[in-house]
Amino acid sequence: MDQDDNRVTNGHQNGCTANDKMKDEDVSSETRYEDGTVRLKNANIELMDQDILYHLALGSGSHDLVEMFGDVKFICMGGTPKRMEQFAYYIMGEIGHKLPTGTLLQDISQYSYRYSMYKVGPVLSISHGMGIPSIGILLHEVIKLMYHAKVKDPVFFRIGTSGGIGLEGGTVVISEQAVDGLLRPYYELPVLGKLVQRPAMLDKRLVRELKALHHPEDPYDTVTGKTLCTTDFYEGQGRLDGAFCDFNENEKMAYLEQIQKANVVNMEMESLAFAALTHNAGIRSAVICVTIVDRLKGDQIHAPKEVLDEWQERPQKLVSRYIKKFLQTKGRFMDSYCGSPCVKSPRRFKLVQQESENYD
Ligand SMILES: O=P(O)(O)O[C@H]1O[C@H](CO)[C@@H](O)[C@H]1O
Ligand SMILES: O=c1cc[nH]c(=O)[nH]1
């Protein structure tokens with residue numbers, strides 16, 4: 001069958017093209033109720049008795065999702081559970097969020113054994129694993145969580161690592177657009193035997209707002225540009241050091257130079273699905289990744305662990321500045337969030353633990 005016959009655009013009935021901009025009208029009645037709460041583009045969900053968010057170990061029948069998550073505003077995602085636990089504690093200090101005495105942050109999704117999720121007042125910090133399939137599943141469930149919890153106008157961030165294209169290690173990249181390994185600005189997914197394409201758009205205003213939060217005294221650059229998203233770390237990113245390699249150094253460099261000419265500044269493995277799914281849901285989102293290697297100079301990650309740890313904090317700092325600015329502007333500082341049900345207070349922890357164990 002001819003591949004083109006088999007292809008449909010989706011997410012926008014009128015055939016949204018890759019050049020479409022994230023316009024205010026995208027956040028339409030299709031994706032929002034009048035009060036600003038998230039509306040799903042899937043009528044099936046409303047008709048279900050309960051919705052089991054299997055990979056989060058949560059469910060609309062088993063948990064009071066409005067009580068647990070109704071005050072959420074920012075959803076921050078990154079690859080590893082450790083990074084996202086550290087980010088949760090970091091943002092807690094930054095926004096002055098206090099846990100009740102004798103309590104610790106709880107991994108809300110620990111009994112899923114898939115992802116980790118921490119709640120710090122209006123911030124959710126969630127690990128997404130590696131690659132598009134992993135972040136894709138998570139995004140479906142987190143977007144549904146936003147709907148069940150009646151969250152208003154959430155903002156999603158991916159805070160990650162990447163390979164730079166002509167950028168020194170430690171540079172912070174705010175993605176203007178995600179493209180696939182063929183430089184196509186959409187996420188393509190086979191659905192019912194047809195290829196569905198969803199534009200991988202990121203919010204342009206958010207890019208500008210984040211860029212403005214770089215401080216002149218930050219000892220590193222913060223740049224914007226295109227992010228190339230691959231389905232593999234080795235051959236897919238033109239590395240010569242995988243278990244297999246059917247190309248040579250010259251061919252690798254020709255590809256890297258080609259993508260550099262197309263304004264690609266970094267490479268990673270989730271931005272395409274992250275941009276496409278949040279855009280389709282009418283949710284403002286941004287991808288902020290630090291570069292940990294300059295791919296024009298090599299393939300292996302040579303930076304020592306302490307250096308990598310410090311570099312990984314840089315995207316977190318930028319997002320933290322954004323969140324703090326928002327909270328200060330809105331004048332809703334965090335003490336009001338102290339009663340969060342997502343901490344390990346002995347009574348509440350037992351309750352949440354019991355609920356979560358139902359999925360074990
Ligand atoms: O650092 P994180 O956010 O995990 O992301 C990057 O690191 C992984 C590869 O090492 C890929 O998932 C890539 O996207
Ligand atoms: O080179 C790199 C570094 C981090 N993550 C990637 O996907 N590629």
Side-chain angles (χ1 to χ4, degrees), residues 75-88 90 114-118 124-139 142 156-175 178-181 187 200 202 223 225-243 245 252-253 255-256 259-260 264-278 285-305 307-319:
I75 293 76
C76 304
M77 298 183 176
T80 70
K82 193 75 214 161
R83 186 190 309 150
M84 299 324 288
E85 183 184 17
Q86 280 167 350
F87 178 71
Y90 171 66
R114 295 283 184 185
Y115 306 105
S116 287
M117 182 195 289
Y118 298 91
L124 276 187
S125 181
I126 315 175
S127 68
H128 58 56
M130 279 198 284
I132 287 175
S134 184
I135 199 171
I137 294 165
L138 178 68
L139 282 165
V142 174
F156 282 38
F157 297 106
R158 163 165 146 69
I159 41 183
T161 64
S162 63
I165 308 295
L167 296 175
E168 201 181 310
T171 304
V172 173
V173 176
I174 308 165
S175 308
V179 294
D180 72 3
Y187 170 41
L202 292 159
V223 304
K226 284 187 194 164
T227 296
L228 187 137
C229 180
T230 67
T231 52
D232 173 51
F233 183 80
Y234 287 99
E235 292 172 282
Q237 294 188 4
R239 281 189 158 82
L240 297 163
D241 61 345
C245 184
K252 164 191 149 177
M253 290 311 293
Y255 176 67
L256 294 183
I259 63 170
Q260 189 178 34
V264 169
V265 290
N266 67 340
M267 280 186 186
E268 47 75 270
M269 297 177 59
E270 292 83 20
S271 58
L272 201 66
F274 179 84
L277 270 65
T278 51
S285 70
V287 177
I288 308 103
C289 289
V290 72
T291 62
I292 57 171
V293 58
D294 181 355
R295 292 301 316 293
L296 299 186
K297 295 192 178 141
D299 294 343
Q300 299 238 312
I301 316 296
H302 287 294
K305 187 181 172 322
V307 173
L308 289 173
D309 286 348
E310 193 274 311
W311 284 354
Q312 285 188 38
E313 288 168 10
R314 295 175 178 183
Q316 301 178 22
K317 277 191 190 143
L318 202 62
V319 168

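Order of appearance sets the numbers: ligands from 1, and atoms from 1 within every ligand. Residue numbers start at 1 and run along the sequence shown. The basis for the numbers below is simple: all heavy atoms, side chains too, and nothing from hydrogens, waters or symmetry mates. Model, not experiment: these values are computed from the prediction.
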Query raised in the report: Which residue supplies the protein heavy atom nearest to atom 7 (O) of ligand 2, what is that atom called, and how far is it?
Result: Q237 NE2, 2.9 Å

Requested in this report: Please answer whether the main-chain N or O of H128 pairs with a side-chain N or O of S134 as donor and acceptor at a distance below 3.5 Å.
Outcome: yes

Requested in this report: With the side chain counted from C-beta on, respond yes when D309 and Q86 share a heavy-atom pair under 4.5 Å apart, and no when they do not.
Outcome: no

Query raised in the report: Which of the numbered atoms in ligand 2 are below 4.0 angstrom from a heavy atom of I292?
Result: 3 (C), 4 (C)

**Report entry** Closest protein heavy atom (residue, atom, distance) for atom 8 (C) of ligand 1
**Finding:** M130 SD, 3.8 Å

Requested in this report: Please say whether G79 places an N or O atom under 3.5 Å from an N or O atom belonging to ligand 1.
Outcome: yes

Query raised in the report: Under 3.5 Å, N or O to N or O, is M269 touching ligand 1 that way?
Result: yes

Requested in this report: Return yes when atom CE of M253 has more than 12 non-hydrogen atoms of other residues, nucleotides or ligands closer than 6.0 Å, and no otherwise.
Outcome: yes

**Report entry** Part of R83 within contact of ligand 1 (heavy atoms, under 4.0 Å)
**Finding:** side chain

Report summary line: One finds that the ligand 2 atoms under 4.0 Å from a non-hydrogen atom of V293 are 1 (O)

Query raised in the report: Should the heavy atoms of other residues, nucleotides or ligands under 6.0 Å from CZ of R314 be counted, would the total exceed 12?
Result: yes

**Report entry** Nearest protein heavy atom with distance in Å, relative to atom 13 (C) of ligand 1
**Finding:** E270 OE1, 3.7 Å

Query raised in the report: Can you list the ligand 1 atoms lying under 4.0 Å from a non-hydrogen atom of E268?
Result: 14 (O)

Query raised in the report: Do side-chain atoms of N266 reach the backbone of G163 as a donor and acceptor pair under 3.5 angstrom?
Result: no

Query raised in the report: Should we count CD of E168 as having more than 12 external heavy atoms under 6.0 Å?
Result: no

Report summary line: atom 2 (C) of ligand 2: closest protein heavy atom, distance to 0.1 Å, is G163 N, 3.3 Å

Requested in this report: Walk me through it: do T161 and V290 pass the test side-chain contact (heavy atoms from CB on, under 4.5 Å)?
Outcome: CA-CA 5 Å; T161 64; V290 72; 4.2 Å; yes

Query raised in the report: For ligand 2, which atoms, with element, lie under 4.0 Å from some heavy atom of M267?
Result: 6 (C), 7 (O), 8 (N)

Query raised in the report: Of all the atoms in ligand 2, which lie at a distance below 4.0 Å from a heavy atom belonging to E268?
Result: 7 (O)

Report summary line: atom 10 (O) of ligand 1 has as its nearest protein heavy atom F233 CE1, 3.7 Å

Query - ligand 1 N/O within reach of T161 N/O, cut-off under 3.5 Å - result: yes

Query raised in the report: Under 3.5 Å, side chain of D299 to main-chain N/O of L240, donor-acceptor pair present?
Result: yes

Query raised in the report: Ignoring hydrogens and geometry, is there a side-chain-to-backbone donor-acceptor pair from S127 to S116 under 3.5 Å?
Result: yes

Query raised in the report: Looking only at distance, does R239 have an N or O less than 3.5 Å from an N or O of ligand 2?
Result: yes

Query raised in the report: Hey, looking at atom 5 (O) of ligand 1, which of Q312, Q237, R158 has the closest heavy atom?
Result: R158

Query raised in the report: Between the side chain of E270 and the main-chain N/O of G131, is any donor-acceptor distance below 3.5 Å?
Result: yes

